[in-house]
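One structure is given below, encoded as structure tokens.
In what follows, residues are counted from 1 in the order of the sequence shown. Computed from heavy atoms alone, side chains included, the values below leave out hydrogens, waters and symmetry copies.
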Amino acid sequence: MSADADRVPSTPLEDYALLSDLHTGPLVSRDGSIDWLCFPRFDSPSVFAALLGTPEDGRWQVSVVDGEVASRRYLPRTFVLETTWRSPTGTAVVTDFLPPGEADDHPDHADLVRRVECISGSVEVEHDLRIRFDYARALPWSRRVEVGDDGEEALLSIAGPDALLLTGPLLHPRESPQVDPLKEAAPGEPGHPDDDEGAVSGRLGGCFPLSAGESHDWVLTWHESHHPLPVPVDPGRALDRSVSFWTDWCSHVGTHKRHEQAVLRSLLVLRALTHRGTGGLVAAPTTSLPEEFGGERNWDYRYTWLRDAALTIEVMVAHNFTEGALHWRNWLLRAVAGDPDQIQIMYGLAGERQLPEMQLDHLAGYEDSTPVRIGNGAVGQYQADVVGEVMLALAALRDAGVPEDEYSWGLQKNLLRFCERNYGRAGHGIWEMRGASTCFVHGRAMMWAAFDQGVRAVEEHGFSGPVERWRDLRGRLRTEILEHGFDAELNSFTQTYENSEVDASLLQLPHTGFVAYDDPRMLGTVARIEADLRGPHGFVHRYRTASGMDGLAGGEYPFLICTFWLVEQYARSGRVDDAGELLERLVDCANDLGLYAEEYDPVSGRLAGNFPQAFSHLGFIRAVDAVVRARAGEQVEARTGR
């Protein structure tokens with residue numbers, strides 16, 4: 001559709017807000033347009049895809065005629081979005097939210113609620129709904145129906161297995177030139193008012209007047225099309241339930257005073273991206289938001305990477321949320337299962353293994369960045385670091401006092417068996433290079449960490465396992481990495497055994513325990529990262545794309561997690577002032593709601609890449625934690641000195 005439409009500039013990512021019911025995560029623009037929504041799961045086909053094309057690819061906009069947004073915010077400690085509009089005649093507040101779904105893998109329905117309240121004067125509320133199922137590849141068959149005991153009129157839109165039911169005001173009762181008919185159609189065509197069936201195109205427009213004290217509620221409910229119509233949710237009760245859910249969750253996590261609200265928002269984002277039914281955690285709720293505007297580095301992140309989830313679990317455990325970590329551990333047991341040789345780097349939300357990558361050529365792409373992809377071909381890659389990340393996360397859970405059981409420890413022994421069987425195998429690295437496989441130093445160090453955690457579990461916690469063999473493999477890996485992955489002349493670890501490039505993932509070596517943060521070899525590596533990967537703006541790239549290793553054309557903007565890792569390195573190696581200064585610059589990269597994308601373009605000041613990104617948020621939390629600990633250590637030393 002959008003390939004043939006007149007292009008309009010893409011809405012800046014920083015103008016979007018995330019909503020969540022712990023099953024899916026729509027994006028709402030500052031001007032009230034829901035431009036991305038997948039029902040019922042994060043990885044389901046979209047019903048609104050304007051984010052990757054034009055409004056004709058699906059959106060739902062609720063705005064005030066001749067109005068402008070005066071402010072927006074999340075209600076404290078929630079994902080309930082409140083936007084205040086002002087017009088020449090009055091002021092209105094739009095409240096958007098999804099009531100948290102039940103703890104169910106396959107909910108029978110899901111609701112998106114939009115409430116508009118006029119708080120002064122009078123306003124005209126403009127409504128533009130365009131439903132486009134299956135990534136805008138399927139126009140719905142729509143008709144008016146009656147729902148509920150009082151026979152409320154609603155709009156039902158169906159395409160294949162999916163149905164959307166819209167309840168609330170459908171058209172303003174008085175005729176107005178601003179009222180957009182459900183569909184413009186000639187007599188005899190589906191959608192014409194004279195058509196007996198009343199079929200329409202899934203589009204609804206209109207203007208609805210409100211005076212001070214009045215309000216309108218719209219609820220869009222997804223359900224399976226072969227099921228009976230769902231009972232419309234009560235918007236008021238749903239709002240109360242949503243606020244209570246999020247605020248109750250926040251009461252169970254701990255934060256520091258430094259950047260307390262920003263850290264809490266990041267923790268909330270990590271929770272919002274976790275599927276309540278399965279425990280799977282998506283890397284981001286979006287696909288194909290480009291790593292370079294106009295480029296081809298556009299990937300689908302709506303899946304559960306073992307690495308991303310493991311790092312998230314470490315952060316959650318550090319902030320007292322062990323319940324979610326246990327949920328993920330159970331997900332891991334189900335997803336990995338069976339033969340350790342079949343372990344993948346990523347899975348679907350319920351542990352699905354087949355995630356075929358394909359292109360949607362009918363979508364123009366965000367900022368004309370094509371191709372638009374769904375699925376992810378990286379699912380078939382071997383990445384040597386993944387088991388180490390998982391073992392570190394499970395060790396953090398164990399060290400926090402959460403008991404192992406025979407199944408979880410058995411899983412970890414299987415993971416180490418996988419490492420043994422793939423000991424000498426070249427891989428594609430943490431950044432999922434699409435060039436030739438090789439031995440990445442970060443990956444080999446993470447394999448070292450996997451065996452190290454296995455040894456620790458036996459020595460410190462009394463578990464059974466072939467500890468002598470694990471010690472031997474750990475020792476061999478250490479010798480190998482120092483011999484082939486460290487360049488003495490450059491005084492730096494290298495990206496791979498075969499080249500002398502540097503890679504931001506090397507900033508994670510101290511996190512594994514392989515080397516201390518203040519080890520001279522690590523400090524030398526940091527100096528090279530500062531020289532080769534950190535630009536004049538202070539932000540860090542993952543690696544030099546000009547080297548051609550990744551097999552992709554074009555470049556990319558600095559990755560936020562890499563810069564957060566540099567903050568952590570500074571803080572833990574005595575450069576506390578540098579860490580604090582860089583952290584403050586990074587705080588300013590979040591949007592006004594505290595949301596980070598994958599990347600940041602310091603030249604244009606724009607967020608880029610999939611949004612919001614779990615990697616960036618967990619990196620921010622770790623960076624703040626590191627700075628807080630470092631400053632606390634300075635204060636203790638000062639008191640001791642006196």
Side-chain angles (χ1 to χ4, degrees), residues 306-307 310-318 325 383-402 404 409 412-413 415-416 419-420 423 429-430 439-463 465 467-486 492-494 503-526 529 561-562 564-574 618-619 621-623 625-626 629-630 633:
L306 296 187
R307 174 194 309 108
L311 289 169
T312 298
I313 292 310
E314 285 190 68
V315 165
M316 288 295 199
V317 169
Q383 297 172 12
D385 69 291
V386 167
V387 171
E389 308 278 14
V390 171
M391 292 293 290
L392 286 166
L394 294 176
L397 195 58
R398 185 168 56 238
D399 292 341
V402 178
E404 298 276 12
W409 176 240
Q412 291 167 75
K413 290 194 288 187
L415 292 174
L416 293 178
C419 284
E420 288 187 58
Y423 181 85
I430 182 176
C439 288
F440 288 87
V441 172
H442 170 265
R444 303 300 285 175
M446 276 296 174
M447 185 178 285
W448 174 91
F451 289 117
D452 185 55
Q453 293 306 319
V455 171
R456 276 194 61 220
V458 173
E459 292 179 344
E460 299 177 17
H461 296 275
F463 291 102
V467 67
E468 291 301 328
R469 186 163 75 246
W470 293 343
R471 286 195 192 100
D472 177 62
L473 290 166
R474 180 182 65 177
R476 287 165 53 190
L477 274 165
R478 183 171 187 82
T479 299
E480 171 198 302
I481 293 166
L482 293 177
E483 181 177 348
H484 300 289
F486 180 78
S492 172
F493 289 100
T494 56
D503 191 298
S505 64
L506 297 171
L507 292 168
Q508 285 296 279
L509 296 186
H511 183 69
T512 69
F514 183 83
V515 64
Y517 286 93
D518 59 355
D519 186 293
R521 293 167 295 192
M522 192 62 215
L523 298 182
T525 304
V526 171
I529 288 172
I561 194 170
C562 298
F564 284 128
W565 284 343
L566 186 59
V567 172
E568 190 173 1
Q569 167 64 34
Y570 284 165
R572 293 178 181 271
S573 60
L618 70 89
I621 296 167
R622 276 179 45 175
D625 288 350
R629 291 193 192 100

State the [atom1]-[atom2] distance between [X] and [Y], to the nearest 0.5 angstrom.
X      : Y      : atom1 : atom2 : result
Trp409 : Phe463 : CH2   : CZ    : 7.0 Å
Ile529 : Asp503 : CD1   : CG    : 7.5 Å
Phe493 : Leu482 : CZ    : CG    : 5.5 Å
Leu509 : Phe486 : CG    : CZ    : 11.0 Å
Ser505 : Ile561 : OG    : CD1   : 11.0 Å
Leu311 : Leu306 : CG    : CG    : 11.0 Å

>> Apply side-chain contact (heavy atoms from CB on, under 4.5 Å) to residues Thr512 and Asp452 and explain how you reach the verdict.
In response: CA-CA 9 Å; Thr512 69; Asp452 185 55; over 6 Å; no
Are the side chains of [X] and [Y] in touch, meaning some heavy atoms are under 4.5 Å apart?
X      : Y      : value
Trp565 : Tyr570 : no
Ile481 : Phe514 : yes
Met391 : Leu416 : yes
Glu420 : Phe451 : yes
Val390 : Arg307 : no
Asp399 : Arg456 : yes
Leu506 : Gln569 : no
Thr312 : Met316 : yes

Please list, chain by chain and in numerical order, all residues satisfying side-chain hydrogen bond (donor to acceptor under 3.5 Å, both in side chains) with [X], sequence neighbours excluded.
X      : answer
Arg471 : Glu459, Glu468
His484 : none
Thr525 : none

> Val387 and Met446: side-chain contact (heavy atoms from CB on, under 4.5 Å), yes or no, with the steps?
Replying inline: CA-CA 7 Å; Val387 171; Met446 276 296 174; over 6 Å; no
Looking at every non-hydrogen atom in both residues, tell me the closest pair between [X] and [Y] and how far apart they are.
X      : Y      : value
Ala400 : Val317 : CB-CG1, 3.6 Å
Arg398 : Ala457 : NH2-CB, 3.7 Å
Asp385 : Gly429 : OD1-C, 4.5 Å
Ser492 : Gly524 : CB-O, 4.2 Å
Ala393 : Ala310 : CB-O, 3.3 Å
Ala516 : Met522 : O-CB, 3.6 Å

>> I'd like to know if the side chain of Arg474 pairs up with that of Gln453 as donor and acceptor (distance under 3.5 Å, no hydrogens or angles considered).
In response: no
>> Is a donor from one side chain sitting under 3.5 angstrom from an acceptor on the other, for His511 and Glu389?
In response: no
> Given Glu314 and Leu397, is the side-chain contact (heavy atoms from CB on, under 4.5 Å) satisfied, shown in steps?
Replying inline: CA-CA 8 Å; Glu314 285 190 68; Leu397 195 58; over 6 Å; no
>> Under the rule for side-chain contact (heavy atoms from CB on, under 4.5 Å), what residues qualify as partners of Ala623, not counting sequence neighbours?
In response: Phe564, Val567, Leu583
> Is the cationic atom of Arg444 (NZ for Lys, CZ for Arg) positioned less than 6.0 Å from the six-membered ring centroid of Tyr423 and within 45 degrees of its normal?
Replying inline: yes
> Does Glu568 have any salt bridge (charged side-chain N to carboxylate O under 4.0 Å, His left out) partners at least two apart in sequence or in another chain, and if so, which?
Replying inline: Arg572, Arg622
> Got a sec, which residues hit salt bridge (charged side-chain N to carboxylate O under 4.0 Å, His left out) with Arg476, two or more places apart in sequence or on another chain?
Replying inline: Asp472
>> The test is side-chain contact (heavy atoms from CB on, under 4.5 Å); show your working for Val458 and Trp470 and say whether it passes.
In response: CA-CA 10 Å; Val458 173; Trp470 293 343; 3.9 Å; yes
